[in-house]
Enquirer: 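Sharing a structure, written as structure tokens. Questions coming.
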Amino acid sequence: MTAASGFGPFGEHTINASWIAVQELKKLGLGSEVDLHVSEVPVEYQTVQSLVPSLWKKHHPLLIVHVGVSGMATTVTLEKCGRNHGYKGLDNSSFCPDTQCCIVGGPDCINSVIDMESVCKRVSASGLGVVVSVSKDAGRYLCDFTYYTSLYLSHGRSAFVHVPPLGKPYSGEDLGRALQAIIQEMLELMDQAEEKIHCQQHFH
């Protein structure tokens with residue numbers, strides 16, 4: 001079971017490319033062996049604080065991939081980590097956390113268990129026609145807040161992908177195909193890691 005989330009509208013993004021991309025991914029699927037659940041996340045801190053834990057509890061996914069739009073992005077960007085502090089931007093409800101952090105007492109930064117550089121290299125070599133890059137800064141807004149919360153709950157079994165706005169330069173279909181390729185590579189890497197662990201347990 002794999003889950004993917006995209007965000008709803010906010011600010012100038014009246015149509016959020018991340019949710020369009022996730023809907024296109026749902027049409028494409030991840031192959032017959034992978035059950036994919038998708039959900040749209042409102043751009044609200046308090047909703048994220050309740051929704052992200054409910055996704056993990058309800059679906060028990062192997063992996064959750066969160067997808068967000070970045071007006072500054074020109075590539076499909078794989079985020080390596082989520083940050084706990086520095087949330088000062090107001091959400092769609094004109095709210096931001098008093099503490100300006102995700103989890104009080106949580107570590108400052110949590111890395112995904114997925115090797116994003118490896119995913120980037122594999123997808124880039126596949127001739128997909130979409131440029132993929134890696135980032136260490138998810139932006140200290142709802143994207144970063146969601147990612148950190150999910151990484152904290154899943155002990156790193158989460159990923160975050162930033163997409164550019166639609167048409168700058170990619171269509172929704174392009175972004176859906178990119179997400180499909182990226183998530184398939186992520187699942188392949190997770191499978192390989194599991195096999196390695198089982199082999200090591202067998203030999204000891």
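Since the model is a prediction, treat every value here as computed from it, not as a measurement.
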Enquirer: Under the ring-ring contact (aromatic ring centres under 6.0 Å, His included) rule, collect the residues that match up with Phe145, sequence neighbours excluded.
Expert: Tyr45, Tyr87

Enquirer: I'd like to check the salt bridge (charged side-chain N to carboxylate O under 4.0 Å, His left out) partners of Arg177; sequence neighbours left out, ordered by chain and number.
Expert: Asp174

Enquirer: By ring-ring contact (aromatic ring centres under 6.0 Å, His included), which residues pair with His37, not counting sequence neighbours?
Expert: His59

Enquirer: For Arg122, what residues pass the salt bridge (charged side-chain N to carboxylate O under 4.0 Å, His left out) criterion, not counting sequence neighbours?
Expert: Glu185

Enquirer: Is there a donor in the side chain of Glu79 and an acceptor in the side chain of His162, or the other way round, less than 3.5 Å apart?
Expert: yes

Enquirer: By side chain to side chain donor-acceptor pair (under 3.5 Å), which residues pair with Lys58, not counting sequence neighbours?
Expert: none

Enquirer: What pairs of residues pass the side-chain hydrogen bond (donor to acceptor under 3.5 Å, both in side chains) test when at least one of them lies in residues 2-13, not counting sequence neighbours?
Expert: Ser5-His66

Enquirer: Whether the side chain of Asn84 engages the backbone of Cys109 through a donor-acceptor N/O pair (distance < 3.5 Å, no angle test) should be reported.
Expert: no

Enquirer: Taking C-beta and beyond as the side chain, do Leu25 and Leu30 meet within less than 4.5 Å on heavy atoms?
Expert: yes

Enquirer: So, Arg157 side chain and Leu62 main chain: donor-acceptor pair closer than 3.5 Å or not?
Expert: yes

Enquirer: Measure from the side-chain N and O atoms of Ser124 to the backbone N and O of Lys121, and report whether any donor-acceptor pair falls under 3.5 Å.
Expert: no

Enquirer: Indicate whether any N or O donor in one side chain lies under 3.5 Å from an N or O acceptor in the other, for Ser18 and Asn16.
Expert: yes

Enquirer: Does the side chain of Ser154 pick up a donor-acceptor pair with the side chain of Ser150 at under 3.5 Å?
Expert: no

Enquirer: Report the distance from atom CE of Met186 to atom CG of Leu179, rounding to the nearest 0.5 Å.
Expert: 9.0 Å

Enquirer: Is a donor on one side and an acceptor on the other found under 3.5 Å between the side chain of Ser70 and the backbone of Met72?
Expert: yes

Enquirer: With a cut-off of 6.0 Å (strictly less than), are more than 12 heavy atoms of other residues, nucleotides or ligands near CD1 of Ile15?
Expert: no

